[in-house]
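Heads up, the thing below is written out as structure tokens.
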Amino acid sequence: MTTLSARPVPAAWPSVPRELPRTMSAVVFDAFGPPDVLRVDTVDVPEVGPGEVLVRVAAVCVGRFLDVSLRAGRHPVTPELPHVLGVEHAGTVVAIGPGVEMGVSEIDVGQHVAVWPVLGCGNCEACLSGSKEACPTLRIAGVHSHGAYAEYTAVGTDAVWSLPDDLDPATAAGVALAGPVAMNQLRQAGLRKGDWVLVAGAASALGSTTAELARHLGARVIGTSRAAWKRERLLAMGLEAALDPTAEGFADEVRALTGGAGVAVAVDDLGDPDIFARLTDVLAPQGVLVSSGAFLGGTVPLNLARLYTLNQRILGVRTGNDASALALWAEVARGFRPVVDRAFPLAEAAEAHRFLEADDNMGRIVLITGQA
């Protein structure tokens with residue numbers, strides 16, 4: 001691991017400018033490749049369309065799949081180049097487009113907001129049933145269109161969440177997308193207070209959010225990591241245990257912790273075949289294994305005889321939805337906070353990508369714009 005400070009760089013909420021600029025600084029790339037393809041450029045400030053607000057960005061998260069994989073050309077979506085990354089972010093509303101009504105979120109100029117631009121079509125069966133994560137034409141700003149590695153973004157009001165006054169930008173950005181995803185994982189798994197939950201890769205951005213949220217909701221949480229220093233940090237977070245999933249006695253340790261029953265919920269965002277097999281081995285009867293990622297493999301072994309004999313379930317959760325976001329922000333109001341490792345200035349986006357690719361993070365990595 002590196003020796004950089006583990007403390008996040010403070011980020012201030014940007015003010016509303018007297019006059020909106022026509023151009024802004026943004027981190028763009030013209031070709032897929034290593035972090036060095038990222039560069040700072042001057043681009044036009046986005047126009048605010050009907051039903052949209054203009055957000056002056058304070059902080060934006062760096063994601064392994066939505067940012068790093070996309071930049072490297074390993075993501076299944078190939079955006080038009082040049083492209084601006086950045087999905088989940090936080091900032092200040094500085095302008096409101098036509099047709100915006102003050103509604104659920106009470107959005108107005110000067111409001112501090114978190115932005116979660118995961119956009120369903122609004123018309124398909126999945127969207128109409130409240131499960132837009134299953135929308136066949138789901139779009140994500142920062143993936144399918146330009147994102148928030150920039151000073152300003154224009155986003156629909158359905159992607160904007162007003163924030164409590166005591167939330168700082170880095171924390172708000174850190175929970176904007178990973179929080180609703182984690183809440184969707186746990187809600188769909190049927191988590192109950194007191195359940196044993198195992199989170200694989202619990203030091204990662206999403207893994208740490210899921211582990212901390214499960215603990216906040218009253219679960220007894222076991223985290224896994226192959227790195228000893230990360231396991232120490234997970235224990236410091238307050239988890240019941242932090243284990244190496246590749247260790248020979250892993251299953252015995254989990255059974256000992258759970259009184260022989262196994263875990264009610266196992267969450268896997270990795271897709272590693274060996275680790276997946278070990279998770280199914282420690283799943284309790286009627287337990288649920290949630291899969292929300294496959295960047296370490298994707299094709300995994302599955303013991304069907306064990307699955308049906310023990311009445312277990314395997315559940316795929318792509319992202320969050322509006323219901324999980326509402327539930328998440330209610331828990332933020334009750335004190336839930338994500339694990340934020342550190343922040344980099346926006347101009348050092350390439351360094352932030354290198355840091356994440358080195359797997360040196362414990363929780364979320366954010367970029368801050370440093371705007372006054």
* Qualifying residues under ring-ring contact (aromatic ring centres under 6.0 Å, His included), relative to His146, sequence neighbours excluded -> His83

* Asked: Have Gln286 and Asn311 got a donor and an acceptor in their side chains that come within less than 3.5 Å?
  -> no

* To do: On the 0 to 90° scale, with breaks at 30° and 60°, tag the Trp161-Trp116 ring pair as parallel, tilted or perpendicular.
  => tilted

* For Arg39, does the CZ atom sit with more than 12 other heavy atoms under 6.0 Å from it, leaving out its own atoms? -> yes

* Structure fact -> With sequence neighbours left out, the residues meeting ring-ring contact (aromatic ring centres under 6.0 Å, His included) with Phe65 are His75

* Structure fact -> Sequence neighbours excluded, the answer for side-chain contact (heavy atoms from CB on, under 4.5 Å) partners of Ala327 is Met183, Arg187

* ring-ring contact (aromatic ring centres under 6.0 Å, His included) involving His144 - partner list, sequence neighbours excluded -> none

* Asked: Considering residues at least two apart in sequence or located in another chain, which fulfil the side-chain contact (heavy atoms from CB on, under 4.5 Å) criterion with Arg278?
  -> Phe250

* Asked: When you measure from the side chain of Thr224 to the backbone N and O of Gly201, does any donor-acceptor pair fall under 3.5 Å?
  -> yes

* Within the distance-only criterion (no hydrogens, no angle test), does the side chain of Gln185 pair as donor or acceptor with the backbone N or O of Val267 below 3.5 angstrom? -> no

* Could you walk me through whether Val109 and Ile96 pass the side chain to side chain contact (heavy atoms under 4.5 Å, CB included) test, one step at a time? => CA-CA 7 Å; Val109 171; Ile96 291 178; 4.3 Å; yes

* To do: Using atom types as modelled and distance alone, determine if a side-chain donor or acceptor of Asn321 lies under 3.5 Å from a backbone N or O of Lys132.
  => no

* To do: Can you tell me which residue pairs pass the salt bridge (charged side-chain N to carboxylate O under 4.0 Å, His left out) test with a partner in residues 204-225, sequence neighbours excluded?
  => Glu212-Arg215, Arg220-Glu240

